[in-house]
**Student:** 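Let me give you the structure first, and then I'll get to my questions.
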Protein chains: 2
Amino acid sequence: MARTGGRGGPTMKDVAREAGVSQAAVSLVLNDAAGSRVSSETRQRVLEAVDRLGYRVNSAAKSLREGQSRLIGFVGDTVASEPFAGDLVEGAQDQAWVDGHLMLIINTGGDPLIEERAIDSLLSRQVDGIVYASMYNRRLKIPPLLREVPTVVVNGTAEDGSLPSVAPDEYTGGLEATRHLVEHGHERVAFINIAPPESMLPAVVERERGFVDALTEAGLRVDRTLVKYGDGDAVAGHRLATRLLKRKRRPSAIFCGNDRTAWGAYLAAGELGLKVGTDVSVIGFDNMPVIAPHLRPGLTSMELPFAEMGRRGVARLLSGDTDPTVELLHCPLVTRGSVSRPAGPASGTAS
Amino acid sequence: MARTGGRGGPTMKDVAREAGVSQAAVSLVLNDAAGSRVSSETRQRVLEAVDRLGYRVNSAAKSLREGQSRLIGFVGDTVASEPFAGDLVEGAQDQAWVDGHLMLIINTGGDPLIEERAIDSLLSRQVDGIVYASMYNRRLKIPPLLREVPTVVVNGTAEDGSLPSVAPDEYTGGLEATRHLVEHGHERVAFINIAPPESMLPAVVERERGFVDALTEAGLRVDRTLVKYGDGDAVAGHRLATRLLKRKRRPSAIFCGNDRTAWGAYLAAGELGLKVGTDVSVIGFDNMPVIAPHLRPGLTSMELPFAEMGRRGVARLLSGDTDPTVELLHCPLVTRGSVSRPAGPASGTAS
DNA sequence: GCACCGCAGTTAAACGTATAACTCAGCAGG
DNA sequence: CCTGCTGAGTTATACGTTTAACTGCGGTGC
């Protein structure tokens, strides 16, 4: 109605005219300037005019003037491929929202060229910072452009250790998963890892280190023949678990490097007439919502703190925390029914 | 180096000075203005200067001047809760990128208050349009603020039919899933839907309509006792499939309203000594990547076109297609090993 | 010889905001 | 009475672009 130009809603000028003050006064009111520079009476008039006209600040103008955008960028190699990736995005966005920022998301598919162009567009949007996210925890080569803006690496670490990062504490995860089994009285514990250690992935190397340490601290011998390497798939889990469970002195518990592998172990156990949670204990990793709660019995699993990583990454970014330290986030244990005391003569007091 | 102010990189003014031309000339070069207004020699000098200084356009200034931001908003009730939700986001973002836009993402958790504030921030960012996404296909009440900007509803429809929308073609999905079974020779086909029809969800009502029509067009009687309603969970699938498969004239095939239900049916079949894909055929819906390929045999399932919905939604938005029509996207059939010809005397030519 | 045109730019204004610098009235202190 | 100060605004400028309007100038057409 009482609008000057054509496109876009009313501006401060319109509000000013409506309230009978200067445009600057409107700005002062709306930004609650240091000290009460305007009388509460004028303030009232301005706010009424704002309401009446449905005025909304133009953030392009504001950003231009202020030199910052209250925008952050989220650059990921894949937003969707992994089913839990959404949590990372959601956690990051939630935190950004809480801190008064909006989040621009770009997924690059891992293509370095797209990645460079993505960061470039973010920079030209004057983002206040960038979350550089990997969909699985690994050491990342950092695109040079990222040096131009505050950046936090999430679910990964900078190859050269030059950027702050937030990653899951795989070691402690492996440690506590194994401890959980040991505390239930298991002494022959197998481990089906998700890839061979040569892969150098933290998820592989660190969880295994945790596994070994947990057994060692409990005074148990680490039987190398009980450690297997699959590819993280249910098929591999099935195959390797079968092999383990067919041994004459079979393990009483299996730590699986992820939930899909654990699922395979369930199938193997079933085929061999063994009940998971009774005849053999199983613990997983990832706590995938579409798998772990649906298995019978429910799968006890270590949860990867994706949402929390997203939140912490953004929180560090916006707090200006630029120390290139690696923040490791705890992987909580989610217990369901798949772990119990070992059955048979091996356990506790003689029956 | 050759920079005027402090914050933020070099501006056009800096480039102009470096190249010995006016700032306007730089703009003309960089925007490849209609017709070659500048000599290729000057253009060269400018581009070199741009390179040398590492100039990058300030999009805040550009947006302010142009009145549009090349930004779109993505408002969803939950980005992560459903494992496939990421595909929706990814598809939308990919398409936005292709069309030269960046995407602001906000998840509201379904809270109408947050939703309103979210849309408000997007509007103040001058977004060129908004994708309003639901995480499951349903009829949505449209927040009034969305009327102020081009909007496309994705994975849902506007309650009052007032907005363009993109949704999965549930009916055809149900139709083709059932046809697939019928074409394999099944005549007694059961259906475990994911909720009772009273729920009014398109996924429930339309798939069932497709189921009925497919049987009818094949001249088969629809046996109402073979239609069951669960809650979409594996437990319900297990329970209902058990009941179905225990009947004396058991169905030779089960159409499951989603993959988790189908998983339950697998378990039920296993317990009853029936092999899926041999003794009983099963088809699912959703084609969940963490389930369908991992079941033994792999689960044949109808795929929900999430990524495609995201893409089409954005494409419509940016093409200025504002007809409030509902675009239904096909759900492709993904065949694995869970459907075959019915076993036993009931099938084909007498043994 | 002169009006006219296209080329290759330049100058200047605008987009909507935040804020430094200013104005102006009223009042206190000396 | 004059100075200085405070409160409540106003004026004017800058942020970095885009673009309409303008300027010179060398070449054409007649």
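Remember, predicted model here, so these are calculated numbers, not experimental data.
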**Student:** Roughly how many Å is it from CZ in A:R45 to P in D:dA8, rounded to a whole number?
**Tutor:** 13 Å
**Student:** Rounding to a whole Å, what distance do you find between B:R43:CZ and C:dC7:C1'?
**Tutor:** 14 Å
**Student:** Just distance, no hydrogens or angles: give the donor-acceptor pairs under 3.5 Å from side chains in residues 137-150 of chain B, sequence neighbours left out.
**Tutor:**
residue: B:N137; atom: ND2; partner: B:E170; partner atom: OE2; Å: 3.0
residue: B:R138; atom: NE; partner: B:S134; partner atom: OG; Å: 3.1
residue: B:R138; atom: NH2; partner: B:D77; partner atom: OD2; Å: 2.6
residue: B:R139; atom: NH2; partner: B:E159; partner atom: O; Å: 3.2
residue: B:K141; atom: NZ; partner: B:E159; partner atom: OE1; Å: 3.3
residue: B:R147; atom: NH1; partner: B:S162; partner atom: OG; Å: 2.7
residue: B:R147; atom: NH2; partner: B:D160; partner atom: OD2; Å: 3.3
residue: B:R147; atom: NH2; partner: B:S162; partner atom: OG; Å: 3.4
residue: B:E148; atom: OE1; partner: A:R56; partner atom: NH2; Å: 2.4

**Student:** Return the set of residues passing side chain to side chain donor-acceptor pair (under 3.5 Å) with A:Q126 (not counting sequence neighbours), or none when no residue passes.
**Tutor:**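 Applying side chain to side chain donor-acceptor pair (under 3.5 Å) to A:Q126 gives none.
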**Student:** Consider the side chain of A:S39, meaning its heavy atoms from C-beta on, and name the nucleotide among C:dT17, D:dT17, D:dG9 that approaches it most closely.
**Tutor:** D:dG9
**Student:** Closer than 4.0 Å, any side-chain N/O of B:K62 to the OP1 or OP2 of D:dG16?
**Tutor:**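 B:K62 to D:dG16 OP1/OP2: no side-chain N or O under 4.0 Å.
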**Student:** Which nucleotide sits closest to the side chain of B:T42: D:dG16, C:dT10, C:dA8?
**Tutor:** C:dA8
**Student:** Would you kindly give the CZ-to-P distance between A:R125 and D:dT17, to the nearest whole Å?
**Tutor:** 13 Å
**Student:** Ignoring hydrogens and angles, tell me if any N or O in the side chain of B:S63 forms a donor-acceptor pair with the backbone of B:S59 under 3.5 Å.
**Tutor:** yes
**Student:** Does B:T11 put a side-chain nitrogen or oxygen below 4.0 Å from OP1 or OP2 of D:dG16?
**Tutor:**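 No, B:T11 has no side-chain N/O under 4.0 Å of OP1/OP2 on D:dG16.
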**Student:** Roughly, in whole Å, what's the span from CD in A:Q23 to C1' in C:dA20?
**Tutor:** 14 Å
**Student:** Could you give the CG-to-C1' distance, from A:N31 to D:dG9, as a whole number of Å?
**Tutor:** 16 Å
**Student:** Quick check: on DNA chain D, is the nucleotide nearest A:A25 upstream (toward 5') of the one nearest B:A25, or the reverse? Name the residue that is more 5'.
**Tutor:** A:A25
**Student:** Nearest to the A:S27 side chain among C:dA18, D:dT17, D:dG9, which nucleotide is it?
**Tutor:** C:dA18
**Student:** In whole angstrom, give the distance that lies between atom CZ of B:R17 and atom P of D:dG16.
**Tutor:** 12 Å
**Student:** Please state how far atom NZ in B:K13 lies from atom P in C:dT11, giving the value in whole angstrom units.
**Tutor:** 13 Å
**Student:** Name the residue closer to the 5' end of DNA chain C, choosing between B:A24 and A:A61 according to the nucleotide with the nearest heavy atom.
**Tutor:** B:A24
**Student:** If you only use heavy atoms from C-beta on, which nucleotide in C:dG16, D:dT10, C:dT19 is closest to the side chain of A:L64?
**Tutor:** C:dG16
**Student:** Nearest to the A:N58 side chain among D:dT17, C:dT10, C:dT17, which nucleotide is it?
**Tutor:**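 Given the options D:dT17, C:dT10, C:dT17, the side chain of A:N58 is closest to C:dT17.
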**Student:** When you check the gap from the basic side-chain N to the acidic O, do B:R17 and B:D14 get nearer than 4.0 Å?
**Tutor:**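 Yes, charged N to carboxylate O under 4.0 Å.
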**Student:** Answer yes when A:E308 and A:R311 have at least one side-chain N-carboxylate O distance shorter than 4.0 Å, and no when they do not.
**Tutor:**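 Counted as a salt bridge, because a side-chain N and a carboxylate O are separated by less than 4.0 Å.
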**Student:** Quick one: A:E66 CD to C:dA20 P, roughly how many Å, whole number?
**Tutor:**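 Nearest whole value for this atom pair: 12 Å.
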